[in-house]
Amino acid sequence: MSKDTLGNVITSIRNAGMHQKETVRLKYTNLTENFLKILLQEGFIENLRKHKKKNNDFLVSTLWHKKRTRKGIHQTILKRLSRPSLRIYSNYKRIPKILGGMGITILSTSQGIMTDREARLKEIGGEMLCHIYVC
């Protein structure tokens, strides 16, 4: 397991989505919890629970892709932007709008992890962590 916590979270969610898994179990960190809370607020996951088993904390996230619509199954796209070897920063004026505002960019700012909309409203920039959208 690498030390790139957010990369592991994104990869776990992406792999669970490809294999039509209903839940994902992730190791608990503050970064992981805050990232998943944003996904929960934006509607990309259905549920988030914290569990403790033998002195190890972990988060269980229920993915929403199991709900089938009449038009078929929608796929959630998670794309990692900033990584340990290449950090990508942006001020609030240059944060890109994903699909004309239909997707979100998650940023790590001085006031915590937040979406691109919140960062524009508060007029703060930061490290762009990932893009998320549904197609």
Side-chain angles (χ1 to χ4, degrees):
M1 187 140 164
S2 70
K3 295 188 182 215
D4 185 16
T5 305
L6 191 61
N8 292 337
V9 170
I10 291 172
T11 302
S12 296
I13 292 172
R14 190 182 310 132
N15 288 342
M18 285 191 302
H19 294 290
Q20 300 296 315
K21 300 290 183 182
E22 188 173 335
T23 60
V24 179
R25 184 175 150 180
L26 302 162
K27 186 176 177 181
Y28 177 82
T29 62
N30 287 333
L31 176 68
T32 304
E33 183 180 26
N34 293 332
F35 181 77
L36 291 175
K37 281 182 181 178
I38 289 177
L39 292 182
L40 183 63
Q41 287 173 350
E42 296 293 324
F44 290 104
I45 60 175
E46 280 186 28
N47 193 6
L48 180 63
R49 298 181 308 270
K50 183 177 176 182
H51 291 282
K52 187 170 189 167
K53 188 175 185 180
K54 295 184 181 178
N55 297 328
N56 291 327
D57 291 337
F58 60 93
L59 296 165
V60 177
S61 173
T62 306
L63 302 178
W64 73 273
H65 69 82
K66 291 296 278 188
K67 289 184 177 178
R68 296 175 188 264
T69 62
R70 291 183 182 175
K71 295 181 180 178
I73 298 174
H74 297 288
Q75 184 179 7
T76 303
I77 306 297
L78 291 132
K79 184 177 179 190
R80 179 74 194 264
L81 296 175
S82 186
R83 51 188 195 263
S85 61
L86 178 65
R87 304 287 185 185
I88 300 174
Y89 296 93
S90 177
N91 63 10
Y92 75 95
K93 293 178 184 176
R94 294 188 179 203
I95 299 171
K97 288 187 178 181
I98 308 304
L99 296 177
M102 297 297 291
I104 63 169
T105 300
I106 296 181
L107 294 107
S108 176
T109 67
S110 59
Q111 296 181 7
I113 296 176
M114 61 181 66
T115 64
D116 55 346
R117 289 180 219 118
E118 294 173 29
R120 282 190 203 97
L121 287 174
K122 294 181 180 181
E123 295 186 354
I124 55 175
E127 180 183 355
M128 292 193 301
L129 300 176
C130 67
H131 293 316
I132 303 170
Y133 56 95
V134 177
C135 64

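Positions are given from 1, in the same order as the sequence printed here.
Tracing side-chain contacts under 4.5 Å through hydrophobic residues (I, L, V, M, F, W, Y), one never reaches Tyr89 starting from Met128; they form parts of separate clusters. By the criterion of side-chain heavy atoms lying less than 4.5 angstrom apart, applied directly or through intervening Ile, Leu, Val, Met, Phe, Trp or Tyr residues, Ile77 is not grouped with Ile88; the two fall into different hydrophobic clusters. Clustering ILVMFWY residues whenever any of their side-chain heavy atoms sit less than 4.5 angstrom apart, transitively, puts Val134 in the very cluster that holds Leu39. Under a hydrophobic-cluster definition in which Ile, Leu, Val, Met, Phe, Trp and Tyr are linked whenever side-chain heavy atoms come within less than 4.5 Å, directly or via other members, Tyr28 and Val24 are assigned to the same cluster. Cluster membership check: Tyr133 does not share its hydrophobic cluster with Ile10, using side-chain heavy-atom separations under 4.5 Å among Ile, Leu, Val, Met, Phe, Trp and Tyr.
Atom OG1 of Thr115 and atom CD1 of Ile98 lie 12.0 Å apart (nearest 0.5 Å). The structure places OG of Ser61 at 11.0 Å from CD of Glu22, a figure rounded to the nearest 0.5 Å. Phe35 contributes atom CZ, which lies 10.0 Å from atom CG of Leu26 (distance to the nearest 0.5 angstrom). Between the NZ atom of Lys53 and the CG atom of Asn56 there is a distance of 10.0 Å, given to the nearest 0.5 Å. Rounded to the nearest 0.5 Å, atoms CG (Leu129) and NZ (Lys79) are 14.5 Å apart.
Taking Leu31 as the reference, Thr5, Leu6, Thr29, Ile113 meet the side-chain contact (heavy atoms from CB on, under 4.5 Å) condition, with sequence neighbours excluded. By the side-chain hydrogen bond (donor to acceptor under 3.5 Å, both in side chains) test, Arg25 is found to be paired with no residue, residues two or more places apart in sequence or in another chain being considered. Lys97 is linked by a side-chain contact (heavy atoms from CB on, under 4.5 Å) to Arg120, counting only residues two or more places apart in sequence or in another chain. By the salt bridge (charged side-chain N to carboxylate O under 4.0 Å, His left out) test, Arg83 is found to be paired with no residue, residues two or more places apart in sequence or in another chain being considered. Residues forming a ring-ring contact (aromatic ring centres under 6.0 Å, His included) with Phe58 (at least two apart in sequence, or on another chain): His51. Under the side-chain hydrogen bond (donor to acceptor under 3.5 Å, both in side chains) criterion, Glu42 pairs with Arg117, sequence neighbours left out. Looking at residues two or more places apart in sequence or on another chain, you find a salt bridge (charged side-chain N to carboxylate O under 4.0 Å, His left out) between Lys37 and Glu33. For Ser82, the side-chain hydrogen bond (donor to acceptor under 3.5 Å, both in side chains) partners two or more places apart in sequence, or in a different chain, are Glu127. Remark: Thr62 engages no residue in a side-chain hydrogen bond (donor to acceptor under 3.5 Å, both in side chains) (not counting sequence neighbours).
Taking both residues in full, the closest heavy atoms of Leu59 and Thr32 are given as CD1-CG2, 3.7 Å, listed atom of the first, atom of the second, then distance. Considering all non-hydrogen atoms of both residues, Tyr92 and Ala119 come closest at CB-O, 3.9 Å. Between Ala16 and Leu63, the shortest heavy-atom contact is CB-CD1, 3.7 Å. Across Lys52 and Asn55, no two heavy atoms sit closer than the pair CE-CA, 4.0 Å. Taking both residues in full, the closest heavy atoms of Leu48 and Leu40 are given as CB-CD2, 4.2 Å, listed atom of the first, atom of the second, then distance.
For CZ of Arg49, the number of neighbouring non-hydrogen atoms (other residues, nucleotides, ligands) closer than 6.0 Å is greater than 12.
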Donor-acceptor pairs under 3.5 angstrom involving side-chain atoms of residues 100-110: please list them, not counting sequence neighbours.
from	atom 1	to	atom 2	distance (Å)
Thr105	OG1	His131	ND1	3.0
Thr109	OG1	Gln111	N	3.2
Thr109	OG1	Gly112	N	3.4
Thr109	OG1	Gly112	O	2.6

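Residues Phe44 and Ile38 fail the side-chain proximity criterion, which asks for heavy atoms closer than 4.5 Å.
Through chains of ILVMFWY side-chain contacts below 4.5 Å, Ile124 is grouped with Met114.
Panel note: side chain Ser12, backbone Asn8; a donor-acceptor pair is recorded below 3.5 Å.
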